[in-house]
Trainee: 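Quick one: the structure is below, and I'll ask about it shortly.
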Amino acid sequence: MLELATRHDGGLADDLPTVLRRRMMGLAAGVTVETVGREASHLTRSGLVRGDIRCGFGTAPGVARGVRLDVRLRLTSANSGRPLAGYAVYLWHADRDGNYSLYGPGLESENYLRGVQLADSAGWARFTSVFPGAHDGRWPHLHFEVYPSLAAAPATRLHTSEITLPADACSAVYATPGYESSRGLGHPGATVEMACVTGDLRRGLVATRTIGI
């Protein structure tokens, strides 16, 4: 059996039944992953479908602290460039200490910094979160998965990947209180999917990325 700390990147198919087993949501005990995949209303009632992912949902009381980070992902067709309206995005990442809710030590009863959003008519899926810390020495990143609709999640996954955050933004954030564990991180070198980060520490940062599906 995998240790909890190594299971944080399994995605919605792993995370949703984990949450259900721990009774952190107001769903009937008999709901299965297959049922959730067929009926989007179950996923909506779970609390996972939300834009602000800083707080826990259901009975989880935790709140993730740190520098505000608004995440804006634009989904487009890799063939035509057209926006993919109505597609669902599951986003999750580490907290400022580099730990993941559900799986990190002492965080098994928490579920913050994870959520699902639908892309609007222009293809934008938006989340309000906090800037993540480095996890196990890895460069800071956001995990995401894309589904053709809310009803298709988590059974029909079209795309899964990570988005890294630029070095200048990481250096600025990690110099602030609360991010001590991530200081001294080495430069990531070449990265495939780097977000563009704008804004400032006082009002918050914005990470933007276009994703071709």
Trainee: Check the pair V71, I53 against side chain to side chain contact (heavy atoms under 4.5 Å, CB included), reporting the backbone distance first and the verdict last.
Mentor: CA-CA 11 Å; V71 181; I53 62 175; over 6 Å; no
Trainee: Does the side chain of L48 come within less than 4.5 Å of F57's, by heavy atoms?
Mentor: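 Yes. Closest side-chain heavy atoms under 4.5 Å.
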Trainee: For residues 113-127, which residue pairs qualify under salt bridge (charged side-chain N to carboxylate O under 4.0 Å, His left out), counting only residues two or more places apart or in two chains?
Mentor: D15-R114
Trainee: Of the non-hydrogen atoms in G98 and H135, which two are nearest, and what is the gap between them?
Mentor: O-ND1, 2.8 Å
Trainee: Report yes or no: does S129 contribute a side-chain atom to a donor-acceptor pair with the main-chain N or O of L69 at less than 3.5 Å?
Mentor: no
Trainee: Within the 4.5 Å heavy-atom criterion, are Y147 and R157 side-chain neighbours or not?
Mentor: yes
Trainee: Yes or no on side chain to side chain contact (heavy atoms under 4.5 Å, CB included) for Y103 and D14, after CA distance, side-chain angles and deciding distance?
Mentor: CA-CA 11 Å; Y103 305 111; D14 282 354; 4.2 Å; yes
Trainee: Test: ring pair (Phe, Tyr, Trp, His ring centres under 6.0 Å). Region: residues 153-173. Which pairs qualify, not counting sequence neighbours?
Mentor: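 Applying ring pair (Phe, Tyr, Trp, His ring centres under 6.0 Å) to every pair that reaches into residues 153-173, excluding sequence neighbours, yields F144-H159.
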Trainee: Is there a donor-acceptor contact under 3.5 Å from the side chain of E180 to the main chain of G178?
Mentor: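 Judged by distance alone, yes, a pair lies under 3.5 Å.
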Trainee: Using 0.5 Å steps for rounding, measure from the CG atom of L142 to the OG atom of S161.
Mentor: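 Nearest 0.5 Å value for the CG-OG distance: 10.5 Å.
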Trainee: Same cluster for V63 and L102 if Ile/Leu/Val/Met/Phe/Trp/Tyr side chains link at under 4.5 Å?
Mentor: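 Result: no, two separate clusters.
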Trainee: Which heavy atom of A195 sits nearest a heavy atom of A207, and at what distance?
Mentor: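 What the structure gives for the nearest pair is CB-CB, 4.1 Å.
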Trainee: When rounded to the nearest 0.5 angstrom, what is the spacing between CD in Q117 and CG in L150?
Mentor: 10.0 Å
Trainee: Using side-chain heavy atoms (C-beta onward) and a distance below 4.5 Å, is Y100 in contact with L113?
Mentor: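 Y100 does not reach L113 side chain to side chain.
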Trainee: Give me the atom names and distance for the closest heavy-atom approach of G133 to A94.
Mentor: O-CB, 4.3 Å
Trainee: Would you call the rings of W92 and Y90 parallel, tilted or perpendicular if under 30° counts as parallel and over 60° as perpendicular?
Mentor: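 Answer is parallel, since the angle falls under 30°.
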Trainee: How many angstroms lie between CE in M194 and OG1 in T164, if you round to the nearest 0.5 Å?
Mentor: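 Rounded to the nearest 0.5 Å, the CE-OG1 separation comes to 4.0 Å.
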Trainee: Which heavy atom of Y174 sits nearest to which heavy atom of P140, and what is that distance?
Mentor: OH-CG, 2.7 Å
Trainee: So, the side chain of R74 versus the backbone of A122: is there a donor-acceptor pair under 3.5 Å, distance only?
Mentor: yes
Trainee: Looking only at non-hydrogen atoms, find the nearest pair between R96 and P177 and report the distance.
Mentor: NH1-O, 4.1 Å
Trainee: Between D97 (side chain only) and N99 (backbone N and O only), is there a donor and an acceptor less than 3.5 Å apart?
Mentor: no
Trainee: For the atom pair CH2 (W139) and CD (E162), what is the distance rounded to the nearest 0.5 Å?
Mentor: 14.0 Å
Trainee: Would you find a donor on one side and an acceptor on the other, under 3.5 Å apart, between the side chain of T176 and the backbone of V173?
Mentor: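 Confirmed, T176 side chain pairs with V173 backbone.
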Trainee: Look only at the side chain of Y179 and the backbone of F131, and say whether a donor-acceptor pair between them is shorter than 3.5 Å.
Mentor: yes
Trainee: Counting C-beta onward and ignoring hydrogens, is there a side-chain heavy-atom pair between L165 and L205 closer than 4.5 Å?
Mentor: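 No, too far: nothing below the 4.5 Å cut-off.
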Trainee: Treating Ile, Leu, Val, Met, Phe, Trp and Tyr as nodes and any side-chain heavy-atom pair under 4.5 angstrom as an edge, say whether V49 and L16 lie in one connected cluster.
Mentor: yes
Trainee: Check H141 against P132 and note the closest heavy-atom contact, atom names and distance.
Mentor: O-CG, 4.1 Å
Trainee: Apply side chain to side chain contact (heavy atoms under 4.5 Å, CB included) to I163 and I211, showing your working.
Mentor: CA-CA 10 Å; I163 298 172; I211 309 297; 4.3 Å; yes
Trainee: Before you tell me yes or no, could you show the steps for D9 and H143 under side chain to side chain contact (heavy atoms under 4.5 Å, CB included), namely the whole-Å CA-CA distance, both residues' side-chain angles and the distance that decides it to 0.1 Å?
Mentor: CA-CA 7 Å; D9 57 355; H143 301 265; 3.8 Å; yes
Trainee: Going by an N to O cut-off under 4.0 Å, is there a salt bridge joining D52 and R50?
Mentor: no
Trainee: So, D136 side chain and R138 main chain: donor-acceptor pair closer than 3.5 Å or not?
Mentor: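 No, because the side chain of D136 does not come within donor-acceptor range (under 3.5 Å) of the backbone of R138.
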Trainee: When you compare the side chain of V130 with that of R65, does any pair of heavy atoms fall below 4.5 Å?
Mentor: no
Trainee: In this structure, would V197 and V206 fall into the same cluster of hydrophobic residues linked by side-chain contacts under 4.5 Å?
Mentor: no
Trainee: Measure the CZ-OG distance between R183 and S171 for me, rounded to the nearest 0.5 Å.
Mentor: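 So the CZ of R183 and the OG of S171 are separated by 11.5 Å.
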